[in-house]
K.L.:
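Encoded as structure tokens, here's the structure I'll be asking about.
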There are 2 protein chains.
Amino acid sequence: MAITSKKYTDKQELVAKFANALGHPVRVAIIELLNKQSCCYHGDMSDELPIANSTLSQHLKVLREAGLIQGEINPPKTKYCINKENWNLAKGLLIGFFD
Amino acid sequence: MAITSKKYTDKQELVAKFANALGHPVRVAIIELLNKQSCCYHGDMSDELPIANSTLSQHLKVLREAGLIQGEINPPKTKYCINKENWNLAKGLLIGFFD
DNA sequence: AAAACAGTTCGTATTTATACGAACAAATGG
DNA sequence: CCATTTGTTCGTATAAATACGAACTGTTTT
């Protein structure tokens, strides 16, 4: 093992973070829904996806914490969109990773 | 929820499978090592990575089961390579996913 | 003010991931 | 044949992911 305090490079951590966020089919499906119409209400997605509402909230949180999406809360509705800046960052990193 | 027996499309499952395999920084690092020199012995990687040997074996297994790499066992050495066919499949899927 | 609506968070159960050392396996060198 | 080398698998401990219903939080409607 290399004697560094940090185990992995920032780039490796970032690639892993984005990849990990996309590492569940329902999150892939969520992103596809958002990409199809730019933004989407929680309820719209809930109608399309085979999971409980609370579970959907959790997956949305994972995507939000990875930076791939952002939510705008206007109770009782919440609108989610792709975070384009980070989306492009992820795109660049992943494409670069695959050469 | 849609009333389908299958919860997600094959494509969504595949994207998630590949993404999940890349969802840990050490696996990203492993792939980078393999891409740098096409093939690599377990021991070479073990020298570069901050994890125990047995843990490395487990991560290699994850990548192997996702189809991204393949191992050639010639005891006591094992050589790992990128599985180019699946690598290109993953590349295409991921790039397509990001538009 | 009470009920309804749309989500989120909490509590919890179950599964999967991650990590390590010890034990094992398969070929090679003394 | 026994020791060494190189990985793998096993046993195990701990942490993280996944899923659901129940309870909660703000608006809006009645």
Side-chain angles (χ1 to χ4, degrees), chain A residues 1-2 4 6-8 12-13 15-31 33-34 39-81, chain B residues 1-2 4 6-8 12-13 15-31 33-34 39-81:
Chain A
M1 146 176 190
T4 47
K6 207 168 184 315
K7 292 184 170 189
Y8 307 102
Q12 288 166 343
E13 301 266 14
V15 169
K17 188 180 76 170
F18 289 133
N20 193 64
L22 299 177
H24 189 294
V26 81
R27 293 199 290 268
V28 172
I30 288 168
I31 294 286
L33 286 174
L34 291 182
C39 283
C40 215
Y41 288 100
H42 180 124
D44 301 337
M45 296 191 266
S46 189
D47 294 341
E48 306 279 340
L49 301 170
I51 55 175
N53 231 286
S54 53
T55 307
L56 175 55
S57 270
Q58 278 183 127
H59 283 293
L60 289 169
K61 189 179 179 185
V62 171
L63 289 169
R64 193 162 13 93
E65 289 181 346
L68 291 177
I69 67 173
Q70 58 201 113
E72 186 187 319
I73 303 176
N74 295 102
K77 293 196 151 227
T78 309
K79 187 168 67 175
Y80 284 97
C81 306
Chain B
M1 148 178 189
T4 46
K6 206 164 185 316
K7 292 185 171 187
Y8 307 102
Q12 287 166 346
E13 301 266 15
V15 169
K17 188 180 78 170
F18 288 134
N20 193 63
L22 299 176
H24 190 294
V26 82
R27 293 199 289 268
V28 172
I30 289 168
I31 295 286
L33 286 174
L34 291 181
C39 283
C40 215
Y41 289 100
H42 179 125
D44 302 336
M45 296 191 267
S46 189
D47 293 340
E48 306 278 341
L49 301 171
I51 54 174
N53 230 287
S54 53
T55 308
L56 175 55
S57 271
Q58 280 184 124
H59 283 293
L60 289 168
K61 189 179 182 186
V62 171
L63 288 169
R64 192 161 14 91
E65 289 181 345
L68 290 176
I69 68 173
Q70 57 201 112
E72 187 187 318
I73 302 177
N74 295 101
K77 292 198 154 226
T78 310
K79 188 168 67 174
Y80 284 96
C81 306

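Protein chains get the first letters and strands the later ones, always in sequence-line order, with residue 1 at the start of each. All values below were derived from every heavy atom in this structure, side-chain atoms included, with hydrogens, water molecules and symmetry-related copies excluded.
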K.L.:
Using whole Å, report how far CZ of B/Arg64 lies from P of D/dT9.
P.N.:
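Atom CZ in B/Arg64 sits about 7 Å away from atom P in D/dT9.
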
K.L.:
Calculate the interatomic distance between A/Tyr41 atom OH and C/dG7 atom P; express it in whole Å.
P.N.:
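For the pair A/Tyr41 OH and C/dG7 P, the rounded distance is 9 Å.
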
K.L.:
Heavy atoms, side chains only, cut-off 4.5 Å: are B/Leu49 and B/Leu33 in contact?
P.N.:
yes

K.L.:
Whole-Å distance between C/dG11 C1' and A/Gln58 CD?
P.N.:
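From A/Gln58 CD to C/dG11 C1': 11 Å.
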
K.L.:
For a 4.5 angstrom cut-off between non-hydrogen side-chain atoms, does B/Leu22 reach B/Leu68?
P.N.:
yes

K.L.:
Of all the nucleotides listed (D/dC20, C/dA26, D/dG7), which has the minimum atom distance to the side chain of B/Pro76?
P.N.:
C/dA26

K.L.:
Quick one: label A/Thr78 by what it contacts on the DNA or RNA (base, sugar-phosphate, nothing), any heavy atom closer than 4.0 Å.
P.N.:
sugar-phosphate

K.L.:
Check the phosphate of C/dG21 against B/Ser54, side-chain N and O only, distance under 4.0 Å to OP1 or OP2. Yes or no?
P.N.:
no

K.L.:
Mapping B/Leu56 and A/Asn20 onto DNA chain D by nearest heavy atom, which one lands closer to the 5' end?
P.N.:
B/Leu56

K.L.:
Looking at A/Cys40 and A/Cys81, are the sulfur gammas closer than 2.5 Å to each other?
P.N.:
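Between A/Cys40 and A/Cys81 there is no disulfide, given that their SG atoms are not under 2.5 Å apart.
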
K.L.:
Between C/dA6, D/dT8, C/dG21, which nucleotide gets closest to the side-chain atoms of B/Leu60?
P.N.:
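For B/Leu60, the side-chain atoms sit closest to D/dT8.
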
K.L.:
Which whole-number value in Å describes the distance from A/Tyr80 OH to C/dA6 P?
P.N.:
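Rounded to the whole Å, the gap is 15 Å.
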
K.L.:
To the nearest Å, how far apart are B/Asp47 CG and D/dT6 C1'?
P.N.:
12 Å

K.L.:
Is any side-chain heavy atom of B/Ser46 less than 4.5 Å from a side-chain heavy atom of B/Tyr41?
P.N.:
no

K.L.:
Rounded to the Å, how far apart are B/Leu49 CG and D/dG7 P?
P.N.:
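Those two atoms, CG and P, are 13 Å apart.
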
K.L.:
How many whole angstroms separate atom CD of B/Glu72 from atom P of D/dT6?
P.N.:
17 Å

K.L.:
Which residue lies toward the 5' end of DNA chain C, A/Thr55 or A/Lys77, if each is placed at its nearest nucleotide?
P.N.:
A/Lys77

K.L.:
Examine the base of C/dG7 for any acceptor or donor lying under 3.5 Å from a partner atom in the side chain of A/Ser57, and report the outcome as yes or no.
P.N.:
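Not at all, since no donor on one side and acceptor on the other fall under 3.5 Å apart.
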
K.L.:
Can you find a heavy atom in the side chain of A/Met45 that is under 4.5 Å from one in the side chain of A/Ile30?
P.N.:
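Sidechains of A/Ile30 and A/Met45: in contact.
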
K.L.:
Consider the side chain of A/Pro75, meaning its heavy atoms from C-beta on, and name the nucleotide among D/dG7, D/dT18, D/dT27 that approaches it most closely.
P.N.:
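Closest of the options to the side chain of A/Pro75: D/dT27.
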
K.L.:
Would you tell me if any nitrogen or oxygen in the side chain of A/His59 comes within less than 4.0 Å of OP1 or OP2 on D/dA19?
P.N.:
yes

K.L.:
Any side-chain N or O of A/His24 under 4.0 Å from OP1/OP2 of D/dA19?
P.N.:
yes

K.L.:
Over how many whole Å does the gap from A/Met45 atom CE to C/dT8 atom C1' extend?
P.N.:
13 Å

